[in-house]
Amino acid sequence: MAGHLGGAAAGLSDRAAGALWPADPGRAGALMMLGLPFLLAAGFLAQLVAALFRRGEVVQVVLLALGMPFFFLSGFAWPVEAIPAHLNALAQLIPSTAAIDGLVRVTQMGATLPEIAPILWHLWALAAGLGLVVLAVETVSPSRPAAPDRGPTAPSDSPAR
């Protein structure tokens, strides 16, 4: 009985490890190819929010508030077919939508790099577009105010010697 449980546990761990890092090097390469444009696009989206809302506290609240709608619009927790067309079109501007689609195709359906090429182009286009928008916003918007000058410190602020 103990041997049977050990074998089942070993098989389960092999399957779990395969889902995270597939044994096929081609699939691992496809996952890495998806990761780079996704990270760039997500980073530029975060920079765009930071450029629009200059205070760090506001940026955190805005991104927190957008997290759940982005998750549902991505098609991961809610079927894409049940999402209205106008919301689905809006969801294509969110980097996680294309990335989740590509990850599911590679890890669950065994898609190869040529099969996910349209998704890669989508992610690269998002990264380039969001990068250009961030550049434009940062170029046009006034610079952040400098920290207020507190002047020289008073003698009472320095430790006694």
Side-chain angles (χ1 to χ4, degrees), residues 12-13 15-22 27-111 113 115-154 156-159:
L12 179 63
S13 65
R15 272 187 248 135
L20 296 175
W21 194 261
R27 287 178 44 196
L31 287 176
M32 287 189 274
M33 293 289 286
L34 277 167
L36 179 63
F38 168 69
L39 288 175
L40 284 172
F44 285 139
L45 181 61
Q47 285 182 340
L48 178 61
V49 172
L52 295 174
F53 304 98
R54 294 295 185 170
R55 296 185 53 211
E57 303 85 21
V58 176
V59 171
Q60 289 178 346
V61 170
V62 168
L63 290 176
L64 181 66
L66 291 175
M68 287 306 282
F70 281 7
F71 178 69
F72 282 108
L73 286 174
S74 71
F76 186 73
W78 193 265
V80 176
E81 296 81 15
I83 299 174
H86 65 283
L87 289 178
N88 197 9
L90 181 67
Q92 300 310 311
L93 298 175
I94 305 168
S96 60
T97 303
I100 288 172
D101 185 27
L103 286 171
V104 167
R105 288 174 189 258
V106 170
T107 60
Q108 304 302 314
M109 300 179 198
L113 203 53
E115 294 170 337
I116 61 166
I119 296 170
L120 288 171
W121 282 111
H122 183 177
L123 285 169
W124 280 113
L126 278 175
L130 287 168
L132 289 174
V133 171
V134 168
L135 184 63
V137 169
E138 287 289 345
T139 303
V140 171
S141 68
S143 62
R144 295 181 186 197
D149 185 22
R150 302 205 186 265
T153 59
S156 62
D157 289 346
S158 61

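Hydrogens, waters and symmetry mates play no part in the numbers below; they use all other heavy atoms, side chains included.
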Problem set entry | Nearest atoms (heavy-atom pairs only) where Leu31 meets Thr107 | CD2-CG2, 3.9 Å
For this session: May I ask you to decide if Ala117's main-chain N or O and His122's side chain share a donor-acceptor pair within less than 3.5 Å?
Result: no
For this session: Quick one: list whatever passes ring-ring contact (aromatic ring centres under 6.0 Å, His included) with Phe71, sequence neighbours left out.
Result: Phe76
Seminar exercise, completed: d(Ile94 CD1, Leu73 CG) to nearest 0.5 Å is 5.0 Å
Seminar exercise, completed: Nearest heavy-atom approach of Ala99 to Leu123 is N-CD2, 4.1 Å
For this session: For the pair Leu39 and Leu36, evaluate side chain to side chain contact (heavy atoms under 4.5 Å, CB included) and give the outcome as yes or no after the intermediate values.
Result: CA-CA 5 Å; Leu39 288 175; Leu36 179 63; 5.7 Å; no
For this session: Indicate the atoms forming the closest heavy-atom contact of Leu120 with Met33, along with that distance.
Result: CD2-O, 3.3 Å
For this session: State, with a plain yes or no, whether a side-chain heavy atom of Val61 is found less than 4.5 Å away from one of Phe53.
Result: no
Exercise. Does Pro95 reach the side chain of Leu130, with side-chain heavy atoms less than 4.5 Å apart?
Worked result: yes
For this session: To the nearest 0.5 Å, tell me how far Thr97 OG1 sits from Gln92 CD.
Result: 6.0 Å
Problem set entry | Residue pair Phe38 / Ser96, side-chain heavy-atom distance below 4.5 Å | yes
For this session: Side-chain contact test, heavy atoms from C-beta onward, threshold under 4.5 Å: evaluate it for Phe70 versus Leu45 and give yes or no.
Result: yes
Problem set entry | Closest non-hydrogen atom pair, Leu103 against Leu34 | N-CD1, 3.7 Å
For this session: Supply the atom-to-atom distance Ile116 CD1 to Met109 CE, rounded to the nearest 0.5 angstrom.
Result: 12.0 Å
